[in-house]
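Below is one structure, written out as structure tokens; comments come after it.
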Amino acid sequence: MGKTSVGSFLSSTVAIASKDLRSEFRTKEALNASFAFSVVILVLFSFAFDPSSEQLQTISGGLLWVVFSFAGALILNRSFARELQNDCLDALISSPAPTGALFLGKAIANFVLLMIVELASLGVFALFYDSRFGAQLLPIALVIALGTWGITVIGTMFSALTVNLRMREMMLPTLVYPLLIPALMAAMTLTTDLMSGTPIGKDNTIWLRVLIGFDFIYSILSVVFIDVVLVG
Amino acid sequence: MGKTSVGSFLSSTVAIASKDLRSEFRTKEALNASFAFSVVILVLFSFAFDPSSEQLQTISGGLLWVVFSFAGALILNRSFARELQNDCLDALISSPAPTGALFLGKAIANFVLLMIVELASLGVFALFYDSRFGAQLLPIALVIALGTWGITVIGTMFSALTVNLRMREMMLPTLVYPLLIPALMAAMTLTTDLMSGTPIGKDNTIWLRVLIGFDFIYSILSVVFIDVVLVG
Amino acid sequence: MRNKLVFVLCLLAAGILCWQLYNVLLNLPNEKDQGAIYRIVYFHVPAIFTGFIGFFIALGASGMYLGTRNLKYDAFAAAVTEVSLTFATIVLATGMIWGRIIWGIWWTWDARLTTMLVCWLIYAGYLMLRRAIDEPTQRARLSAVVSIFGCTDIMIVWKSIEWWRTQHPAPVLSVRDGGGMAPGMESPIYWNWLALMCLAAVLVIIRMRQENMSREIDSLRRMAHSY
Amino acid sequence: MPGDERALEIDRVSKYYGHFPALRDIQLKIEAGSTLALLGRNGAGKTTLLRILAGLSKPSEGTVRVGGSDVREEKTRRRIGVLGHGISLYDELSAIENLKIFATLYGYADPGKRAGEWLERVGLDRVRDGLVREFSRGMRQRLAVARAFLHDPEILLFDEPFTALDDRAIAVLQGLLNGAHSAGRTIIMSTHQLREALVLATHVALIQRGQLAYTGERTQEMLDDPAYLYRTYGEN
Amino acid sequence: MPGDERALEIDRVSKYYGHFPALRDIQLKIEAGSTLALLGRNGAGKTTLLRILAGLSKPSEGTVRVGGSDVREEKTRRRIGVLGHGISLYDELSAIENLKIFATLYGYADPGKRAGEWLERVGLDRVRDGLVREFSRGMRQRLAVARAFLHDPEILLFDEPFTALDDRAIAVLQGLLNGAHSAGRTIIMSTHQLREALVLATHVALIQRGQLAYTGERTQEMLDDPAYLYRTYGEN
Ligand code: HEM
Ligand SMILES: Nc1ncnc2c1ncn2[C@@H]1O[C@H](COP(=O)(O)OP(=O)(O)OP(=O)(O)O)[C@@H](O)[C@H]1O
Ligand SMILES: Nc1ncnc2c1ncn2[C@@H]1O[C@H](COP(=O)(O)OP(=O)(O)OP(=O)(O)O)[C@@H](O)[C@H]1O
Ligand SMILES: [Mg+2]
Ligand SMILES: [Mg+2]
């Protein structure tokens with residue numbers, strides 16, 4: 001890959017990402033819906049489980065990631081579906097931009113949107129469940145970013161994979177959630193630990209490594225296989 | 001409404017319901033996806049909350065209804081979306097069948113499908129979380145049926161309402177879940193009580209009444225307003 | 001030729017299974033802690049070995065499909081996955097029965113069990129995806145990608161639980177580092193494994209033939225209905 | 001208005017999308033037995049009007065009546081058959097199942113028989129149990145026609161029936177429409193393919209920006225030069 | 001094959017959907033500067049072929065080359081412009097934003113300038129900041145043309161460009177195509193509207209059940225009687 005080639009890869013990636021972000025910020029539909037959904041889930045759970053109980057500290061990490069992954073699905077669902085509207089996907093694929101740039105651009109946009117929704121939900125969560133993140137703010141932010149990138153990569157890839165299927169809305173969750181389990185498991189454990197004051201240390205670095213490994217492997221796999229998925 | 005008119009209402013309802021059931025049973029796609037999704041949610045929750053804890057009995061009712069309402073959304077989502085494929089909805093609306101029959105037929109089909117998925121998930125739940133329903137089987141079945149009808153009515157109605165929107169997949173959950181909260185609350189409380197051995201008695205009949213009232217009111221409202229929603 | 005192969009493999013599987021069934025049920029003594037139920041290990045463990053080998057073969061076949069675009073590999077991958085999923089189901093079922101007797105519960109959220117369930121779900125998703133796509137070439141392409149992603153995921157899950165303490169027994173076979181079984185009690189595991197592999201091969205061959213046939217029928221029908 | 005009991009009367013119909021008038025004050029009477037070609041440029045309001053006639057959408061003002069009763073009434077809907085952009089068939093069901101559902105909705109006592117008859121009529125009885133998903137575009141189109149006219153409606157509504165069809169499929173459709181016309185049905189179709197439409201039409205209506213710009217019988221002039229209408233009555 | 005560096009060569013292309021052959025052994029060389037009308041009945045394989053030429057789908061066998069290099073190569077894609085069934089524009093973005101994105105993807109150093117130029121060329125600079133959602137069908141179509149041909153491709157691919165357009169829109173499109181032809185572009189378009197297509201075409205290719213049934217220059221005979229081709233080379 002020559003220098004200009006890297007340059008055009010990057011500029012295509014940025015063009016796609018900023019397009020997605022711009023059209024989302026213009027309507028804010030997915031953001032609002034996803035945030036509203038996450039509040040609804042929090043409310044539902046507050047009925048399902050007694051939020052004032054002692055046990056809450058031990059489940060809050062888990063709860064948080066359930067909320068993130070469900071609310072995030074709304075955003076990821078739309079990622080490639082957005083391109084279907086007027087057959088925009090065809091125009092993107094027939095352009096000289098590499099499909100890898102297409103994927104990365106969309107993944108970056110999704111990541112930003114997801115992080116926004118997650119931060120907002122985190123605020124609501126802290127209010128509802130009276131949690132505090134102060135002590136371990138930075139490591140928690142790191143874990144959230146890593147976990148979110150995992151959700152984003154898998155979600156974006158499978159959004160592309162299912163975009164032409166009759167049963168898109170059903171196939172996406174059925175395929176994505178089982179695949180996400182290692183990342184979610186790791187993120188849940190780390191978040192719970194951090195929220196209960198345990199720093200990342202010898203007991204749980206393994207989880208951090210799982211999370212990083214997951215992100216790394218699937219980012220590579222996705223960029224490699226996106227062309228097969230989109231073009232054939 | 002004359003006798004023949006009632007007869008044609010019923011036969012239209014049956015025609016719609018059996019059409020939906022037949023095409024679903026032929027592929028079983030929504031059933032499978034919805035069931036797989038409910039297992040996925042159970043797995044996710046097992047990470048999020050310590051399932052072996054004592055507390056489980058007190059949350060199992062809540063957990064169950066969270067699973068039912070999320071997995072059910074996959075089926076409800078498809079209910080009217082199924083009619084979009086080839087503009088089938090137009091043909092149904094322009095036929096002499098009353099839109100009320102259309103709604104009821106679809107609701108009945110959804111109810112049957114939801115109940116199938118729920119019974120299967122219940123079995124899995126009992127296995128995975130080592131719960132027992134034996135003692136209060138009949139009342140539990142009643143509560144489940146009532147709660148499911150509530151989910152079905154609201155879900156089918158809003159599936160119709162959102163069917164022509166660009167943002168269908170997002171709007172449906174955002175609108176439906178908040179509305180469902182009273183029904184879910186009632187169903188959760190009753191199920192938890194019954195599963196921990198408390199029969200329906202003076203303490204919780206109020207919840208039963210809420211549930212029945214909810215079903216009743218929204219069934220009526222839906223049949224009345226479906227014409228406005230579908231035709232204008 | 002193929003029929004003969006199927007026949008021979010069937011006979012082999014049936015022969016070994018009968019012999020080992022006799023051996024396991026009537027010859028071997030009860031285990032000291034678990035009593036009679038431990039015998040389920042002779043199906044539980046061979047089934048999991050067969051299943052996992054199958055998933056890896058399916059991964060290879062999926063890769064081959066993407067490399068060559070020959071639908072034969074796709075049919076092979078699909079057949080192997082389907083058969084392996086059956087064996088995974090057998091593992092779950094035998095494990096649950098075993099757990100019910102030994103632990104008194106059907107299921108516990110222990111890492112190994114959960115992993116197995118995740119594995120099952122991923123490949124169930126794979127098969128559901130296949131059913132959701134009508135067009136054979138698209139189906140082959142997309143499901144090959146899912147197979148590759150799925151297999152990677154299972155390796156990650158597998159790795160990530162190695163550090164967990166589990167309720168499920170640690171490896172006991174002498175080929176791994178366990179070696180906690182008496183030699184006489186161990187060999188039926190390998191024999192049954194061989195039998196199950198033969199059985200799996202038979203099922204895969206039959207399933208592949210069916211898959212090819214149905215694709216043929218599908219395209220003939222398409223040909224008749226198009227234009 | 002006494003007179004023809006079967007005529008379709010469009011009485012001062014307007015339709016607003018927000019403040020945007022998609023149709024303004026359309027007044028039109030369509031005689032029973034006539035074939036009306038509904039012409040107009042993109043965005044003129046043809047589809048909007050046809051959807052109102054079909055009872056799929058309600059006019060903001062005005063009424064549409066068939067023999068004196070409103071189109072959304074049950075008995076009126078039984079007299080109308082619609083074929084829009086989509087074919088309105090279920091891909092996962094077989095040809096016969098599709099028709100049976102609609103025969104039931106239209107209240108036939110023996111829906112299976114009715115469905116079978118129509119399959120024969122459109123030449124699809126050979127594949128009665130084939131799933132619609134596997135049909136070619138031509139077969140789907142024929143089945144869609146059977147679905148739409150299963151209940152022998154007096155009034156047939158078509159929205160761009162010739163779009164994306166090949167010469168042979170167009171000929172088949174023209175044959176069917178001719179047959180319906182001879183049987184005394186009223187036909188209303190919107191289209192941009194003037195040539196194909198004008199061959200069939202007895203009357204023509206031209207809509208311009210939501211307003212009726214011209215209505216009258218089809219003349220030989222139009223047949224000879226399809227662009228004539230737009231030139232004479234259309235803006236430029 | 002030496003000779004014209006800019007010609008499009010379709011070399012024994014087949015496309016199978018499963019075992020079903022949508023295209024069989026298509027062999028065709030399209031000279032630079034010619035306008036090819038790709039004809040064929042419904043389901044013949046026109047869209048399939050055009051998608052392969054556009055690099056949107058891969059042939060099962062055979063290759064498509066432009067000046068010796070494969071269509072999926074980056075530099076080849078820069079030489080091809082596609083306009084399919086959809087308009088490929090984002091409804092939530094403005095006209096200028098839409099064009100800018102594509103100008104960036106095609107590697108222009110100053111995408112804003114390029115986009116502005118094309119807006120002017122198709123007469124939309126007045127509404128450059130209007131959202132595409134609010135455009136009429138005609139405006140959308142013009143913007144789609146600008147989007148597809150922003151990068152001055154040598155080869156223009158159209159799939160049924162005239163479908164559902166009114167007479168005026170068709171005339172505008174024909175004008176654009178004529179302009180492109182005079183500028184030496186190669187044009188390939190599939191259509192069922194023979195009359196509109198044959199006026200523009202210099203060459204004709206007829207596909208029948210996935211096979212090339214006829215290819216050659218357009219003759220006066222075809223212009224006078226568009227059905228001639230189907231009658232002569234088509235099956236019945
Ligand atoms: C649903 C429940 C169960 C599941 C899903 C399950 C799953 C598995 C899996 C995946 C393996 C292969 C692991 C490996 O080779 O590393 C395995 C092996 C084994 N399982 Fe289970 N199991 C279950 C229940 C049980 C129970 C209840 C017992 C006995 C108390 C048991 C005893 C064993 C033994 C002895 C092995 C062989 C370990 C070795 O040497 O590799 N399993 N099981
Ligand atoms: N659902 C809608 N919301 C807002 N405006 C609409 C809607 N449907 C149609 N319109 C507008 O109403 C006008 C008439 O549209 P209509 O679809 O009836 O035109 P048409 O004559 O069928 O055009 P075409 O020939 O392109 O099909 C158009 O300007 C269109 O933008
Ligand atoms: N994704 C697909 N899966 C299976 N078969 C397909 C697919 N796409 C097209 N086909 C089949 O390939 C054949 C050619 O289709 P294609 O769309 O290229 O025809 P066409 O010439 O464009 O027809 P039309 O004039 O109707 O647009 C048809 O028989 C069609 O059924
Ligand atoms: Mg229209
Ligand atoms: Mg086509």
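Chain identifiers are assigned alphabetically (A, B, ...) following the order of the sequence lines, protein sequences preceding nucleic acid strands; residue numbering begins at 1 within each chain. Here the structure is a predicted model, which means the values were calculated and not measured. Below, all heavy atoms of this structure are taken into account, side chains as well, without hydrogens, waters or symmetry copies.
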Please flag which part of E:His85 lies under 4.5 Å from any non-hydrogen atom of chain A: side chain, backbone, both or neither. both
Heavy-atom contact with chain E under 4.5 Å, split by part of A:Ile16: side chain
Less than 4.5 Å to any heavy atom of chain E: does that hold for the side chain of A:Thr27, its backbone, both, or neither? side chain
Would you please go through residues 214-232 of chain A and name the residues with a non-hydrogen atom below 4.5 Å from one of chain E, in numerical order? A:Asp227, A:Val231, A:Gly232
Give, as side chain, backbone, both or neither, the part of E:Leu131 having an atom under 4.5 angstrom from any heavy atom of chain A. side chain
Select, from E:Arg51, E:Glu73, E:Lys75, the one with the greatest count of heavy-atom pairs under 4.5 Å involving chain A. E:Arg51
Do you know which of A:Ser11, A:Ser94, A:Ser18 has the most heavy-atom pairs under 4.5 Å to chain E? A:Ser94
Heavy-atom distance under 4.5 Å to chain A: side chain of E:Glu97, backbone, both or neither? side chain
Engaged part of A:Thr99 at the chain E interface, taking heavy atoms whose separation is under 4.5 Å: side chain
Should A:Lys19 and E:Asn98 count as side-chain neighbours, where that means a heavy-atom distance under 4.5 Å? no
Backbone N/O of E:Leu93 and side chain of A:Arg22: donor-acceptor pair under 3.5 Å: no
Taking the side chain as C-beta and beyond, is there a heavy-atom pair between E:Arg78 and A:Ser95 under 4.5 Å? no
Once side-chain contact (heavy atoms from CB on, under 4.5 Å) is applied, do any residues pair with E:Asp91, and if so which ones, sequence neighbours excluded? A:Gln85, A:Asn86, E:Val132, E:Arg133, E:Arg140
Please confirm whether the backbone N or O of E:Tyr90 pairs with a side-chain atom of A:Arg82, one donor and one acceptor, at under 3.5 Å? no
